[in-house]
2 protein chains.
Amino acid sequence: MPIVWGMAEDVFKALADPTRRHILDELTERDGQTLFEICARLVTKHGLALSRQAISQHLAVLESAGLVHSRRQGRYKFHDLNTEPLECIVTRWLRPDAPGEHL
Amino acid sequence: MPIVWGMAEDVFKALADPTRRHILDELTERDGQTLFEICARLVTKHGLALSRQAISQHLAVLESAGLVHSRRQGRYKFHDLNTEPLECIVTRWLRPDAPGEHL
DNA sequence: ACGATAGGCAAGCAACGACTTGCCTATCAA
DNA sequence: TTGATAGGCAAGTCGTTGCTTGCCTATCGT
């Protein structure tokens, strides 16, 4: 019975965009940021001049991939990084006997 | 001094396509396959009915990302999997103190 | 209640990516 | 040498995607 990697689809597509990877970098540094915080820090620290909606759509992609969880609190929405989906996606192609594969 | 992940760009884009991931699956199972072999096995084992050129272009993407190495021998061109670029791309977002991250 | 702040929805656009088609080159076997 | 096999190159199509723009809802402070 072959292994099915169906759930990995969204994760790989989410990771394909450099802006989304920068967002994950931001959340790795500090969890629980709001949309406006992420926008500001992407501008100041990475030089990305993107609209609020662009970031919002990226966050939606990351969330539907399971890489980001969000919790609403009043008018704020805080975003947390979730690395769980990353765990299975690389070991998929690692051969047990090959050298130099020390994750 | 911030870390630069420039070389990861091609790797993530290469992994974003499901067909390319199937190709990596094939090469994980058996190294040194030719283009026609990969075509045949994608059809029979994964039900993918793609043209030879489609697979060829996918292999070019994988090769320029460093995930596949190729060696020419007569009229054959053999393809080998190279997992080295995969080593740094996931640990990027893993926090050392978080639970459940046992790669 | 009112304005300001935080965020969402939807249509439109421009660029990219996957795939096909057609034709060409190179190597091997007879 | 001729035909068959393995692969490469380039243009064209078509769906996807990243981003913008405009407008709307919800919550908070005063």
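Chain letters run A, B, ... following the sequence lines, proteins first, then strands; residues in each count from 1. Just the heavy atoms: all of them, side chains too, but no hydrogens, waters or symmetry mates, feed the values below. Note that the structure is predicted; figures quoted are calculated from it, not measured.
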A.B. asks: C/dA18 P sits how many Å from B/His22 NE2, rounded?
C.D. replies: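 Taking NE2 of B/His22 and P of C/dA18, I get 14 Å after rounding.
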
A.B. asks: Counting only side-chain N and O atoms of A/Thr34, is one of them less than 4.0 Å from OP1 or OP2 of C/dG7?
C.D. replies: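 It does, given that an N or O in the side chain of A/Thr34 lies less than 4.0 Å from OP1 or OP2 of C/dG7.
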
A.B. asks: Which one, D/dG7, D/dG18, C/dG7, comes nearest to the side chain of B/Phe36?
C.D. replies: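 Looking only at heavy atoms from C-beta outward on B/Phe36, the closest nucleotide is D/dG7.
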
A.B. asks: Between A/Lys13 and D/dT17, is there a contact of a side-chain N or O with OP1 or OP2 at under 4.0 Å?
C.D. replies: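 Checking A/Lys13 against D/dT17: at least one side-chain N or O falls below 4.0 Å of OP1 or OP2.
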
A.B. asks: Tell me the interatomic distance from B/Glu37, atom CD, to D/dG7, atom P, rounded to whole angstroms.
C.D. replies: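 Atom CD in B/Glu37 sits about 8 Å away from atom P in D/dG7.
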
A.B. asks: Rounded off to whole Å, could you give me the CD1-to-P distance for the B/Ile55 and C/dG17 pair?
C.D. replies: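 Value for this atom pair: 18 Å.
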
A.B. asks: Any ion pair linking A/Glu9 and A/Lys13 (charged N to carboxylate O, less than 4.0 Å)?
C.D. replies: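 Looking at A/Glu9 together with A/Lys13, the answer is yes, because their closest N to O distance falls below 4.0 Å.
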
A.B. asks: I need the B/Leu24 CG to B/His22 NE2 distance, nearest 0.5 Å.
C.D. replies: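 So the CG of B/Leu24 and the NE2 of B/His22 are separated by 10.5 Å.
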
A.B. asks: How would you summarise protein contacts on nucleotides 22-30 of chain C per nucleotide, using B for base, S for sugar-phosphate only and - for none, with heavy-atom distances below 4.0 Å?
C.D. replies: B----BS--

A.B. asks: Consider side-chain contact (heavy atoms from CB on, under 4.5 Å). Of A/Asn82, A/Leu67, A/Leu15, which one does B/Trp93 pass it with?
C.D. replies: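 Going through the options one by one, the only one that passes is A/Leu15.
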
A.B. asks: Between A/His58 and D/dC19, is there a side-chain N or O to OP1/OP2 distance below 4.0 Å?
C.D. replies: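 True: A/His58 side-chain N/O within range (under 4.0 Å) of D/dC19 OP1/OP2.
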
A.B. asks: Rounding to an integer number of Å, can you tell me how far B/Gln57 CD sits from C/dT21 C1'?
C.D. replies: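 In whole Å, C/dT21 C1' and B/Gln57 CD are 11 Å from each other.
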
A.B. asks: Rounded at 0.5 Å granularity, tell me how far CZ in B/Arg92 sits from CG in A/Asp25.
C.D. replies: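 These two atoms lie 4.0 Å from each other.
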
A.B. asks: Could you check B/His79 against A/Val61 and say which one's nearest nucleotide on DNA chain D is further toward the 5' end?
C.D. replies: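 Counting from the 5' end, the first nearest nucleotide belongs to B/His79.
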
A.B. asks: Taking the minimum atom-to-atom distance to the side chain of B/Ser51, which one of D/dC19, C/dT21, D/dG18 wins?
C.D. replies: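 Per side-chain heavy atoms of B/Ser51, the pick is C/dT21.
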
A.B. asks: I'd like to know if A/Val61 and A/Val11 are part of one continuous hydrophobic network [Ile/Leu/Val/Met/Phe/Trp/Tyr, side-chain heavy atoms within less than 4.5 Å].
C.D. replies: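 Each belongs to a different hydrophobic cluster.
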
A.B. asks: To the nearest Å, give me how far apart CD (A/Glu63) and C1' (C/dG7) are.
C.D. replies: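 From A/Glu63 CD to C/dG7 C1': 13 Å.
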
A.B. asks: Does B/Ser56 make a side-chain N or O approach to OP1 or OP2 of D/dG8 shorter than 4.0 Å?
C.D. replies: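 Affirmative; the distance criterion is met.
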
A.B. asks: Please report the interatomic distance CG(B/Leu35) to CD1(B/Ile23), rounded to the nearest 0.5 Å.
C.D. replies: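 Output value for this atom pair is 8.5 Å.
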
A.B. asks: How long is the line joining CZ of A/Arg20 and C1' of D/dG18, in whole Å?
C.D. replies: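 These atoms are roughly 8 Å apart.
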
A.B. asks: Side chain of A/Leu35: nearest nucleotide among D/dT17, C/dA18, C/dG8?
C.D. replies: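 Of the candidates, C/dG8 comes closest.
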
A.B. asks: Report whether A/Leu81 and A/Phe78 are members of the same hydrophobic cluster (ILVMFWY, side-chain heavy atoms less than 4.5 Å apart, transitive linking).
C.D. replies: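 In one cluster with A/Leu81: A/Phe78, no.
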
A.B. asks: How many Å lie between CG on B/Asp17 and P on D/dT16, as a whole number?
C.D. replies: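 Spelled out: CG on B/Asp17 to P on D/dT16 is 13 Å.
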
A.B. asks: Given D/dA26, is OP1 or OP2 found less than 4.0 Å from the side-chain N or O atoms of A/Lys77?
C.D. replies: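 For D/dA26, neither OP1 nor OP2 has a side-chain N or O of A/Lys77 closer than 4.0 Å.
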
A.B. asks: D/dG18 C1' sits how many Å from A/Leu59 CG, rounded?
C.D. replies: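 Those two atoms, CG and C1', are 14 Å apart.
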
